[in-house]
Amino acid sequence: MVRIPNQKTVLITGASVGIGRELAKLFALDGYDLVLVARDRVRLADFADELQNQSGITAKSFPLDLTGNSAPQFLFDQLARENIAVDVLVNNSGYFLDPMLARKSGKILNVASTAGFQPGPTMAVY
Ligand SMILES: NC(=O)c1ccc[n+]([C@@H]2O[C@H](COP(=O)([O-])OP(=O)(O)OC[C@H]3O[C@@H](n4cnc5c(N)ncnc54)[C@H](OP(=O)(O)O)[C@@H]3O)[C@@H](O)[C@H]2O)c1
């Protein structure tokens with residue numbers, strides 16, 4: 001893979017598999033540094049290593065269960081401690097909006113499904 005220099009950072013929740021994983025690869029190709037969040041620590045760390053080796057970007061993994069009430073704030077505080085400013089958020093959380101407003105710069109991509117609004121068997125939580 002050829003890296004296009006960018007030096008911006010994208011935070012992707014649910015980044016270890018599926019759509020989040022594919023988006024992470026695309027952002028890495030565009031030269032973004034990555035902050036990756038999901039629960040499975042090993043899978044996430046392996047993916048971060050893979051992206052760093054292939055693209056030369058910095059990929060940090062933050063294993064975290066985002067259903068915890070304090071999880072978004074915990075992540076926010078952790079990033080602040082490490083001086084990581086999020087330029088793009090791929091998520092459905094508004095917790096990172098204030099710093100973007102202060103910087104007058106930032107992007108949020110909400111990924112969800114219309115299936116979340118439709119009743120269906122075994123889909124109550126979704
Ligand atoms: N796939 C589709 O056809 C489709 C269609 C329409 C919309 N969508 C939407 O697109 C989004 C992604 O779908 P997907 O199919 O790519 O999902 P997926 O393959 O199931 O991947 C989900 C990702 O989220 C992580 N995750 C799950 N629960 C988590 C939690 N509590 N805390 C932190 N991370 C968590 C998973 O890793 P861990 O298990 O390690 O936490 C994984 O990285 C969803 O919002 C879905 O509703 C998908």
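Here, residue 1 is the first one in the sequence, and each next residue gets the next number. Read the numbers this way: they start at 1 and go in the same order the structure lists the ligands and their atoms.
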Atom pair OG1 (Thr13) and CG (Leu36), whose distance is rounded to the nearest 0.5 Å
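It is 10.5 Å, given to the nearest 0.5 Å.
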Atom indices of ligand 1, in the order listed, that fall short of 4.0 Å to a heavy atom of [X]:
X	result
Arg43	37 (O), 38 (P), 39 (O), 40 (O)
Ala15	43 (O)
Asp65	30 (C), 31 (N), 32 (N)
Gly18	16 (O), 19 (O)
Val111	10 (O), 11 (C), 45 (O)

Using distance alone, determine whether [X] and ligand 1 share an N or O pair under 3.5 Å.
X	result
Ala38	no
Ile19	yes
Val37	no

What part of Leu64 sits under 4.0 Å from ligand 1 if we count only heavy atoms: the side chain, the backbone, both or neither?
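Just the backbone.
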Region of Arg21 engaging ligand 1 - heavy atom pairs below 4.0 Å
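Arg21 to ligand 1: no contact under 4.0 Å from either part.
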Is any side-chain heavy atom of [Y] closer than 4.5 Å to one of [X]?
X	Y	result
Val37	Leu75	yes
Leu64	Leu66	yes
Gln7	Asp33	no
Met100	Ile108	yes

Run the contact test for Val17 against ligand 1 with a 4.0 Å cut-off on heavy atoms, strictly below, and give the result.
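Yes, Val17 has heavy atoms under 4.0 Å from ligand 1.
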With under 30° as parallel and over 60° as perpendicular, where do the rings of Tyr32 and Phe27 fit, or are they tilted in between?
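Judged by the thresholds at 30° and 60°, the geometry between Tyr32 and Phe27 is perpendicular.
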Kindly work out whether a path of hydrophobic side-chain contacts (I/L/V/M/F/W/Y, heavy atoms less than 4.5 Å apart) joins Leu109 to Val17.
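Looking at the clustering, Val17 is in a separate group from Leu109.
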Evaluate side chain to side chain contact (heavy atoms under 4.5 Å, CB included) for Leu51 paired with Leu34, printing each intermediate quantity in order.
CA-CA 9 Å; Leu51 288 173; Leu34 294 150; 3.5 Å; yes
